Amino acid sequence: MPLLINKKIVANDNWQSIDVESLEQAQALPSGDIIVPLSFYLENRDDLLGRDGQLGIQVNGDDDLQALYAEQDNIALVAVEFPIFRDGRGFSIAKHLVRTGFNGEIRAIGDVARDRLALMQSSGFNAFLIPEDRFSEEDLNAFTEVSVNYQGTAADPRPIFRR
Amino acid sequence: MYQYNEVDQTLVDERVEQYRDQTRRYLAGDLPEDEFLVLRLMNGLYIQRFAPMLRVAIPYGLMSSEQLRKLAHIARTYDKGYGHFTTRTNLQFNWPKLEEVPDILAELAQVQMHAIQTSGNCIRNTTTDPYSGVYANELEDPRAYCEIIRQWSTLHPEFAYLPRKFKIAVTGSTEDRAASQVHDIGLHLVKNDAGEIGFEVLVGGGLGRTPVIGKVVRDFLPKEHLLSYLDAILRVYNLNGRRDNKYKARIKILVNALGVEEFSRLVEEEWEYSRDGELTLTSAEIERAKGFFTPFDYDVNAAADTSFDQKIAEDRAFKTWYERNTVDHRVEGYRIAIVSLKPHLKPAGDITDAQMDLVADLAEKYSFGEIRSTHDQNLVLADVKKADLYSVWQGLEASNLARPNIGTLADMIVCPGFDFCALANAKTLNIADQINERFDDLDHLYDLGDIQLNMSGCINACGHHHVADIGILGVDKKGEDWYQITLGGSSREDAVLGKVLGKSVAADDVANTLEKILDVFVEHRQEEELFRDTYKRIGMDPFKENVYALAH
């Protein structure tokens, strides 16, 4: 799956996303930089934090977001899942993360495609994992299609009347 | 009125090109159907029963003569020569071609217009009192705040994929002509004990299948906090509103499920982060917005005119129109003139390209070049000198836009119903005709006095049937159209939901039933009492008895 960071295609993704089933079947926690679901993180917090390698947490709008925000100093990445195209909760999760000073990677995963990239970036996402079949090189144009923003963005929170 | 600057113009121009590309990718098969559906809806494009329908935004119902002429041009060039005004004060075109929509949007952008967020699960067009700025008892003109909300809500990155659509209305006086209490957010300009002006904030009103009157979440919000507080409400809704069932996804369901106290607590908690932050309105920004809505350069000699009295004395038809279709203006010598889009036996809210051009011309000549659209599907020329009223009336009369029926039973709100809408269960236009045929005597209508009749072709309630003195809801019973009647609703400052009269009536029987309802009113009313007051006094039972007595 193509990964965009800072509006560029990243060749190698050093993060490995692992689902609960694989984690539970494994003899030991995997090494390297891993992304685990929030529920698994909360149950295995100390083991995960005692491990070598960076840690990321995966959430979506159904998770206990306060629990995520309480742990954000311990992690380097939050993967926010968009389960379906119409689910817009991820935008507000990114907004919360930026507001509370999280400065790691905020990665959009799930139903992520061209026509929402610019909105995601304005809301605070800085990495986008796009399904192979939805990706084209032209997607990079999405970030500059509409140059006007009235409300303020994650990068510059001033609304237009304060700029 | 508000004039786009370079930034505003860039936004609509870029949005047109973005949508043009989305349409191209869709037609080329590169964009999945379900995704294009969401994207086109955010640009006001529905697919209706027979054709696409494009809904053009008219921010807080205010447009210029130039803009209305452009709408006429679009109706003529890309559609079948007419448009339809909605309760959201927008204009719908019923027959555009999907592949021509980008061109229509480009035409709109030339006159500072667009179709952004007129549909979809996002913040829709903010509406207000059509008499804003010209009504005598106004606390402050709400349009400056509407414009501030328009900019903040346009292409809001965080709030483009809400659980469901989101509607905001703002009022500037104690009277409510914007149905603000049946909006997701209703904002009322109010003065506090210290004499400062701010907003009373209501949340969770709405119609549809679960009609609810909005609840006060804050008695007084200082005006500089307008956007930060809206931001907090929207974020609480975006994260907590239901997404598993679209019929339970509106904010009213969330407010009811949590209770207004808990909902308010969540909003206040969220607001703590943004209060006094970057979204706080500067006084310079408020003044800038107000600068676009300053009073016109009214003629100081307008009140000295005597020609008006002469015309009134000479021409009875003019006098009738004047009494029914014009309203007091705050400046002496001026009137607010209502253009009736309820001509006899024509669909409510419909207007032809020629009529649009005519209204645009009249506005340019006699009303400072501005036109307003109203929540009840009429147009308003808000600043007409009394001396010019006769000319305005003659122009309107010649174009079938001067039927003196404003406020009467014939001034109905009617959704397009089954004839156009893919959601509708029943027809509405034929029922409106049936009622108009039965109640075609204007003197009879005047005798009945002000009565609001609203009709919807399905429970989505686009015709606002819950909040009318008499509401009519079309239902489908085994393939036949039947009509359920409600009484005693109101969308005004005394907002209340109507109650169901009884079992629904057959299509042929609607006008008969209305007659029976009105007979009860005429029999029981005291002196000049209005229908709504008689209903409040005597209750539902006498109406029920008279309507259903003969059926037994």
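The figures that follow rest on heavy atoms only: side chains count, while hydrogens, waters and symmetry mates do not. Worth saying up front: this structure is predicted, and the values here are computed from it rather than measured. Naming convention: chains lettered A, B, ... in sequence-line order (proteins, then strands); numbering from 1 in each chain.
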Pairs of heavy atoms under 4.5 Å with chain B: top-ranked of [options]:
{"options": "A:Pro157, A:Gly152, A:Ser147", "result": "A:Ser147"}
{"options": "A:Arg158, A:Arg89, A:Met120, A:Gln151", "result": "A:Gln151"}
{"options": "A:Ile93, A:Val148, A:Ile160", "result": "A:Val148"}

Is any side-chain N of the basic residue among A:Arg163 and B:Glu278 closer than 4.0 Å to the acidic one's carboxylate O? no

Salt bridge present between A:Asp115 and B:Arg25 (N-O < 4.0 angstrom): yes

Less than 4.5 Å apart, any side-chain heavy atom of [X] and any of [Y]?
{"X": "A:Val146", "Y": "B:Glu17", "answer": "no"}
{"X": "A:Phe161", "Y": "B:Ile148", "answer": "no"}
{"X": "B:Lys246", "Y": "A:Arg86", "answer": "no"}
{"X": "B:Leu155", "Y": "A:Tyr150", "answer": "no"}

Separation between CG of B:Asp34 and CG of A:Asp111, rounded to the nearest 0.5 Å: 8.0 Å

First locate atom NE2 of B:His156, then atom CG of A:Leu119, and finally report the distance between them rounded to the nearest 0.5 Å. 10.5 Å

What option among [options] has the most heavy-atom pairs under 4.5 Å with chain A?
{"options": "B:Pro163, B:Pro32, B:Gly277", "answer": "B:Pro32"}
{"options": "B:Leu162, B:Asp231, B:Leu31, B:Asp8", "answer": "B:Asp8"}
{"options": "B:Arg288, B:Gln18, B:Arg235", "answer": "B:Arg235"}

Evaluate whether atom [atom1] of [X] has more than 12 neighbouring non-hydrogen atoms of other residues, nucleotides or ligands under 6.0 angstrom away.
{"X": "B:Asn5", "atom1": "CG", "result": "yes"}
{"X": "B:Glu6", "atom1": "CD", "result": "no"}
{"X": "B:Lys248", "atom1": "NZ", "result": "no"}

At a 4.5 Å cut-off on heavy atoms, which part of [X] comes close to chain A: side chain, backbone, both, or neither?
{"X": "B:Leu11", "value": "both"}
{"X": "B:Ile286", "value": "neither"}
{"X": "B:Asn121", "value": "side chain"}
{"X": "B:Leu234", "value": "neither"}
{"X": "B:Gln22", "value": "side chain"}
{"X": "B:Arg150", "value": "side chain"}
{"X": "B:Ser274", "value": "neither"}

Parallel under 30°, tilted from 30 to 60°, perpendicular over 60°: which one fits the rings of B:Tyr161 and A:Phe85? perpendicular

Is it true that B:Glu158 and A:Ser123 share a donor-acceptor pair across their side chains at a distance under 3.5 Å? no

Cation-pi geometry met for A:Arg99 and B:Tyr273 (6.0 Å, 45°): yes

Looking only at heavy atoms, the pair that brings A:Gly88 and B:Asn238 closest together is O-ND2, 3.1 Å

Of the non-hydrogen atoms in A:Phe91 and B:Pro157, which two are nearest, and what is the gap between them? CD2-O, 3.6 Å

Applying salt bridge (charged side-chain N to carboxylate O under 4.0 Å, His left out) to A:Arg114 and B:Asp21, what does each step give before you reach the verdict? CA-CA 12 Å; A:Arg114 174 185 175 144; B:Asp21 190 54; 3.2 Å; yes

Checking heavy atoms, do the side chain of [X], its backbone, both or neither come under 4.5 Å from chain B?
{"X": "A:Asn141", "answer": "neither"}
{"X": "A:Ala118", "answer": "neither"}
{"X": "A:Arg162", "answer": "side chain"}

